[in-house]
Amino acid sequence: MLVVVVSNAPPRLRGRLSAWLVEVRAGVYVGDYSARTREMIWEQVLAGLDKGDAVMVWKAPTDQGYDFVTAGQNRRMPVDFDGLKLVSFFPEPPSR
Amino acid sequence: MSEGNLPGLAPPRPISLKDRSSLVFVERAQLDVADGAFVAVNADGTRTQIPVGGLAGIMLEPGARISHAAVALAARVGTLITWIGEGGVRLYSAGQPGGARSDRLLWQASIALDDAARLRVVRKMFALRFGEEAPSRRSIDQLRGIEGVRVRESYTLLARQYGVDWRRRSYDPKDWEAGDVPNRCLSAATACLHGLTEAAVLAAGYAPAIGFLHTGKPLSFVYDIADLYKLETVVPEAFRIAGQAGKGRLDMAPDRAVRLACRDAFRRTGLLKRIIPAIEEVLSAGNLPRPEPPPEAVSPAFPDAPPTGDAGHR
């Protein structure tokens with residue numbers, strides 16, 4: 001199982017992801033591929049992301065049962081919480 | 001929100017232990033409930049949600065603070081919260097404090113009180129632990145002696161395998177820093193296993209204090225069950241990390257490295273799936289019937305909803 005979520009991504013990347021994955025909601029792509037294909041898809045995301053941000057989640061033999069990577073900046077960023085991979089939600093930067 | 005409820009949503013219920021991740025250690029954070037979620041809040045306002053119901057237990061290190069609402073939510077989802085001191089030494093726990101199932105407690109106690117049944121349980125634990133029948137016609141004391149020798153031999157063997165300078169198991173619970181690195185690794189590893197096992201014993205509905213080989217401690221039965229898996233899971237990890245620390249190949253504190261390695265070992269060995277069935281198997285070896293409630297006993301006026309998690313979850 002493999003899920004990719006992109007936000008603020010250029011249309012050409014979204015079209016490219018649709019070549020392998022099903023877009024079940026805006027920017028949410030689902031599929032089931034091997035580790036090698038997963039890495040290929042992630043390379044495509046990195047190459048086409050521009051100023052957007054993305055996360056990819058897949059089933060993995062960790063304590064949690066899954067793993068994920070992110071690219072770009074989002075207020076939610078992954079943190080290592082005592083070896084557990086969690087997500088920190090950062091406060092809004094002060095507006096000037 | 002103080003109850004961890006959201007308007008329009010039924011309160012959360014426990015899930016079974018086998019579906020959970022193992023443990024998380026929390027150091028220097030403020031644990032609270034926000035929008036019904038269990039969150040760690042930093043001084044700068046960063047919030048990290050912890051999937052509390054998906055964990056067997058949360059170990060709070062010195063420096064962690066937890067709110068009433070957060071403890072209430074952990075209790076609702078059946079997650080054990082343990083306050084620990086330096087080096088993972090258990091101080092106090094809450095969440096599912098046991099005693100939820102009198103039928104199971106009475107069964108466990110009846111086996112512990114019957115010398116023949118207790119010996120059968122101890123022999124079963126021996127068989128599970130070493131993968132062979134215990135030698136026949138031995139007393140519990142003699143079996144304990146045989147186990148001790150075997151454990152010491154395993155320690156020596158593992159120390160040699162990972163190049164660890166090992167003399168003997170020794171530690172001072174009052175002075176954590178006094179122990180050598182291999183002993184501290186072993187203490188951190190067993191603390192992990194004991195935390196997880198305590199969660200399992202409580203989830204299964206039994207009393208942590210009623211042990212069979214061990215006795216006289218609040219967690220005697222936890223030590224009994226943890227010993228079934230100790231040599232298989234956490235001890236090799238402790239020696240492996242101690243070996244790496246000895247060679248200067250470790251980029252973090254040894255006890256932290258041990259904890260991470262233990263968590264991986266729990267996953268790899270499927271411990272959370274196996275541990276409650278093993279508790280049942282060990283007690284069934286006592287070969288005593290489960291007690292029926294006395295006929296004149298008064299049944300509850302308001303029956304509870306059936307448990308959603310394990311038998312011991314409320």
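The chains referred to below are lettered A, B, ... by the order of the sequence lines, with proteins before strands, and numbering in each begins at 1. Predicted model, so just to flag it, every value in this text is computed and none were measured.
For B:R259, the part lying under 4.5 angstrom from a heavy atom of chain A is the side chain only. Of the two parts of B:R20, neither the backbone nor the side chain holds a non-hydrogen atom closer than 4.5 Å to a non-hydrogen atom of chain A. Proximity to chain A (any heavy atom under 4.5 Å) is restricted, for B:L55, to the side chain, taken from C-beta onward. A:V79 touches chain B through its side chain: at least one heavy atom from C-beta onward sits under 4.5 Å away, while N, CA, C and O do not. In this structure, no portion of B:A29 lies under 4.5 Å from any heavy atom of chain A. When heavy atoms are compared at a cutoff of 4.5 Å, B:F25 approaches chain A by way of both its backbone and its side chain.
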| query | side-chain contact (heavy atoms from CB on, under 4.5 Å) between B:V26 and A:F81: does it pass, once the steps are laid out? | reply | CA-CA 8 Å; B:V26 177; A:F81 201 93; 3.7 Å; yes
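Under a cut-off of 6.0 angstrom, the local environment of CD in B:Q49 is sparse, with at most 12 non-hydrogen atoms contributed by other residues, nucleotides or ligands. By the neighbour-count criterion of 12 heavy atoms within 6.0 Å, atom NZ of A:K59 is sparsely surrounded, having that number or fewer from other residues, nucleotides or ligands. Remark: A:R16 CZ is loosely packed, at most 12 non-hydrogen atoms of other residues, nucleotides or ligands lying under 6.0 Å away. Heavy-atom neighbours of B:R240 CZ from other residues, nucleotides or ligands within 6.0 Å: above the threshold of 12. Within 6.0 Å of atom CZ in B:R65, 12 or fewer heavy atoms from other residues, nucleotides or ligands are found, so the atom counts as exposed in its surroundings. Other residues, nucleotides and ligands place no more than 12 heavy atoms under 6.0 Å from the NZ atom of B:K18.
Although no hydrogens or angles enter the test, the distance criterion places a donor-acceptor pair under 3.5 Å between the side chain of B:R267 and the main chain of A:T62.
For A:P91 against B:D44, the heavy-atom pair with the smallest separation is CG-O, 3.2 Å. Closest approach of A:G83 and B:R256 over heavy atoms only: N-NH1, 4.3 Å. Across B:P51 and A:L86, no two heavy atoms sit closer than the pair CD-CD2, 3.6 Å.
With hydrogens and angles left out, the side-chain atoms of B:T48 and A:S88 include a donor and acceptor closer than 3.5 Å.
Separation of atoms CG (A:D63) and SG (B:C262) is listed at 11.5 Å; rounding is to 0.5 Å. The distance from atom CZ of A:R76 to atom OG1 of B:T46, rounded to the nearest 0.5 Å, is 12.5 Å. Summarising the geometry, atom CZ belonging to B:R263 is positioned 8.0 Å from atom CD belonging to A:Q64; distances are rounded to the nearest 0.5 Å.
In summary, B:R28 and A:D82 do not engage in a salt bridge, as defined by a charged side-chain N under 4.0 Å from a carboxylate O.
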